[in-house]
Each structure stands twice: as structure tokens, then as C-alpha cells.
Visitor: 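Sharing a structure, written as C-alpha cells. Questions coming.
A, B, ... follow the sequence lines: proteins, then strands. Residue 1 opens every chain. These figures come from a predicted structure and were not determined experimentally.
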There are 2 protein chains.
Amino acid sequence: MPQVERHVTKFNDFLLQQGLKPTSERTALIREIFSTHYHFDADELLFKMKQNEVKISRATVYRTLELLVKSGLVRRVHLGEDHYHYEHVSGDSHHDHLVCTVCGAVIEFHDEELERRQREICEKKKFTPTFHNLQILGVCDACRRKGQLPDAPDRVRMIHATKLRR
Amino acid sequence: MPQVERHVTKFNDFLLQQGLKPTSERTALIREIFSTHYHFDADELLFKMKQNEVKISRATVYRTLELLVKSGLVRRVHLGEDHYHYEHVSGDSHHDHLVCTVCGAVIEFHDEELERRQREICEKKKFTPTFHNLQILGVCDACRRKGQLPDAPDRVRMIHATKLRR
DNA sequence: CGGCAACTGAGACTCAGTCTCAACCGCAAA
DNA sequence: TTTGCGGTTGAGACTGAGTCTCAGTTGCCG
């Protein structure tokens, strides 16, 4: 998995540059993150580490996630749930999310026309954008075929594996 | 304030239709919400009620907000912060938000081209949308003129009057 | 009157996330 | 080798938004 190692190196560089140390805990976390998960939350990550027989405390997970966000390797996103999720910043292109409220699937997309139009709107309103965040909630193709209905749109609760694990 | 009373009536109708009761607490809350606030969070509302010398418990505030959302008079939104905000559903047209990360101002906009393009994307991905959510974070005109810089985009914390009040 | 269903406030609880603190771990200067 | 020092860690206390429970209240209807 050269991909993963490239990320490990990048993160180490970032740490050293900040006068911080590439500890075994940090490396284990970033390896886990970049080898499997694409979208995940802190708890999922914590659980995975436990499965891997690597003892890492909650505090360290959160601290490392903060560093990863600062380093630009990971992004913190809202995905329609009431807590944060994280995702890889793979290439560099910003993307948005379709979130299936039945099965929890997350489909990414990037659309230049959408981006352009947003820039236009900001210009018109004299607003200087730094960041944006678009989620479209709904039902994915697979779930629609199965005839699944979404939860009421006012209060979306996705199926959440984390909860079940506890 | 005929506007407010129209909303009170609408909510009462909704309640009766559901076999629920338009109590004094519920009416007081909806009156407060529709007479001043446009965007607010549960805590702000609770505080306002205390100021008005109306004793209403936190549980009731949350319960009423849930009912208001169900009735369609109020919408629950993410505004870049780590807890929910609520807003009036005035006309019916969906709108999105520009959120100034310096002063906390919220600017609404509706853009049909943006909506249309989103529908196109969903079609292409065979996704059935029920709802969407777009926030553009950045700096508003007034703050930009004052030369204010935004917080780091990775971790936006808006100025939050609620906290200061406590 | 009695019963019943909706309603309320107080406070316990949950859960994600943060913070504190003592212990630890190199490493480098003395 | 010892000492000191900054960064690091885990355990667990803490916070704050939001939810839930429960006992007591209200108002309606037979």
C-alpha cells in the first residue's frame, strides 16, 4: 500500500515541521484511516483501533484528528448527522455529498457548474467565501429499488453502525 | 403583529389536527419565535423566555421545537456550528445560507439555477433527493471592509452570544 | 365526581467532544 | 550518568446540547 505510506510520510513531515513528534500512536491512526475508511467518525476509528489490538485513548484519537485536519490530510464534515465525520482529502478537488438516509451510503460528487454558480452568488452579495458545505439528503438508487422509504426529512437519523456496536 | 398571530393560528390548527393542545407555553414560545428571532438556537429561546418572565422548562422548549418542525413552520438547520439552529419557514421557498465566520451574520439566498443543477446531478446519480443543505462560510462585506480575518476554515467558531450570557 | 389523556418542570441521563493531570519518553546539556 | 525539559499519553473528570423519566397538573368528558 504505497498510497498509505505516502500519507504517513506527509503527516510526519507536517509534524516535524511543527516541532511535533511522529509517535507510534499517531502513525497507527493515520495508517488505519488511510488504509480503509473513507468517511468515518471518531468513534468508529476508536473501535477499529481496539479491534486491531492497538490501545489508543479517546483523547489521543481526537488530538490526532485535529492535527490531521490542520495538516490538510483530512477534512471534518457534517453528513446530516448530529456529530462530525471525517474524510480523506485525496486529490485536492473539493467535493460535496449525496447522503442516503436509508442505508447511510455517501456518494461524492464534484460539479464545476455548481461551484461557479456559488462564486457568482457570493460576488453578487459581496461575500468572500472561504469554504462551503453541501449535503443532499435523499434515497440512493439501491434503496429506492428496494422500495425503502426515507425517514421524515425533518429529523434524519441514519443507520449508524457505531451505535449498534456499543 | 398580524403575521405572528397567523402563525399562532396555523400552529394551533396543526396541534388540534394531531389531537394535541395549544397550551399557554406553546403559544408563548411560538409568539416569541415569530415576533423577533429569525435564526436562533434552543438556548437563545430559553434565555429570551426567561427575560420575558415566562417560566418554561428546557424540556418544553425542545418538545415544542420538535412540534414546530413537524408542523413545517420552523426548520432545523446547521449553520457551521456544532449545534442546531432553527429558522422560520416563511414563504415556502427553500433557501441557503452565507454565514460570516467573523460576526456570525447569516445571509439567506435562493437561487433557482443552483437548485436546478442539483436536481440534474441527482438525476445523473439516480439519487432521489428529499432535502438539501448548503452553507457557504466566509466573510461578509462589512467585516471584510473592517479588515477582519476569518478563523481558520478547518475549525469555525462563530461569535456566539449565547455563551457570553451564561 | 372519577377517570383519562395530554402536558409540564425538575432533574437524571446520554453522548460527543474537551480538558486536566500525573506519568512517561527521548534527547541534550551538565 | 544524572538532570531537565518539552512533547506525548491514558484515565478519567468535565462540559454542553439534547433526551428521557417521572410524578404532579390540567382540562375535558362521561
Visitor: Measure the distance from CG on B:Leu67 to C1' on C:dT8 and round it to the nearest whole Å.
Guide: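 Rounded to whole Å, this separation is 13 Å.
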
Visitor: Could you tell me the separation between the CG atom of A:Leu65 and the P atom of D:dT9, rounded to a whole number of Å?
Guide: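 About 13 Å, once rounded to whole Å.
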
Visitor: What's the closest nucleotide to the B:Thr23 side chain, out of D:dG6, C:dC7, D:dT9?
Guide: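 Nearest to the side-chain atoms of B:Thr23, counting from C-beta on, is C:dC7.
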
Visitor: What's the verdict on side-chain contact (heavy atoms from CB on, under 4.5 Å) for A:Leu98 and B:Cys122, showing C-alpha distance, side-chain angles and the deciding distance?
Guide: CA-CA 8 Å; A:Leu98 304 174; B:Cys122 286; 4.1 Å; yes

Visitor: Would you indicate, yes or no, if C:dG17 has its OP1 or OP2 atom less than 4.0 angstrom from a side-chain nitrogen or oxygen of A:Tyr62?
Guide: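 The answer is yes; a side-chain N or O of A:Tyr62 sits under 4.0 Å from OP1 or OP2.
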
Visitor: Within this structure, what is the CG-to-P distance between A:Leu16 and C:dC27, rounded to whole angstrom?
Guide: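 Interatomic distance, CG of A:Leu16 to P of C:dC27: 12 Å.
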
Visitor: In terms of side-chain heavy atoms of B:Leu20, which of C:dC7, D:dA17, D:dT9 is nearest?
Guide: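 Among the listed nucleotides, the one closest to the side chain of B:Leu20 is C:dC7.
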
Visitor: Could you check how far NE2 of A:His83 sits from C1' of D:dT15, rounded to whole Å?
Guide: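 Result: 18 Å.
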
Visitor: Distance criterion of 3.5 Å, no angle test: do you see the side chain of A:Arg63 paired donor-to-acceptor with the base of D:dG7?
Guide: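 Absent.
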
Visitor: Is the closest side-chain donor-acceptor distance between B:Glu44 and B:His85 under 3.5 Å?
Guide: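 Their side chains do not contain a donor-acceptor pair, so the 3.5 Å distance test is not met.
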
Visitor: Check A:Glu112 with A:Arg119, please: is the shortest side-chain N to carboxylate O separation under 4.0 Å?
Guide: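 Result for this pair is yes, salt bridge flagged.
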
Visitor: Under 4.0 Å, heavy atom to any atom of DNA chain D: which of residues 48-61 of chain A qualify?
Guide: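 A:Lys55, A:Ile56, A:Ser57, A:Arg58, A:Ala59, A:Thr60, in order of number.
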
Visitor: In this structure, how many angstroms lie between the C1' atom of D:dT8 and the CG atom of A:Leu29, rounded?
Guide: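 My rounded result for the distance is 13 Å.
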
Visitor: Parallel, tilted or perpendicular: which describes the rings of B:His7 and B:His88, with under 30° parallel and over 60° perpendicular?
Guide: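 It falls in the tilted class, 30° to 60°.
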
Visitor: In whole angstroms, how far is the P atom of C:dA6 from the NZ atom of B:Lys21?
Guide: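 Result: 7 Å.
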
Visitor: Nearest to the side chain of A:Tyr84, heavy atoms from C-beta on, is which of C:dG17, C:dG9, D:dG7?
Guide: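 Output: C:dG17.
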
Visitor: Over how many whole Å does the gap from B:Asp43 atom CG to D:dT19 atom C1' extend?
Guide: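 The distance from CG of B:Asp43 to C1' of D:dT19 comes to 15 Å, rounded to the nearest Å.
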
Visitor: Would you say the side-chain atoms of B:Thr130 pair up with the backbone N or O of A:Leu137, donor to acceptor, closer than 3.5 Å?
Guide: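 Indeed, once roles are kept as given, a pair shorter than 3.5 Å links the two residues.
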
Visitor: Go through the side-chain N and O atoms of B:Asn133 and B:His78 and say whether any donor and acceptor fall under 3.5 Å apart.
Guide: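 B:Asn133 vs B:His78: no donor-acceptor pair found between side chains.
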
Visitor: For the pair A:Arg144 and A:Asp141, find out whether any cationic side-chain nitrogen is under 4.0 Å from an anionic carboxylate oxygen.
Guide: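 Salt bridge between A:Arg144 and A:Asp141, a charged N being under 4.0 Å from a carboxylate O: yes.
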
Visitor: Given atom CG of B:Leu46 and atom P of D:dG16, what is their separation to the nearest angstrom?
Guide: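 For the pair B:Leu46 CG and D:dG16 P, the rounded distance is 14 Å.
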
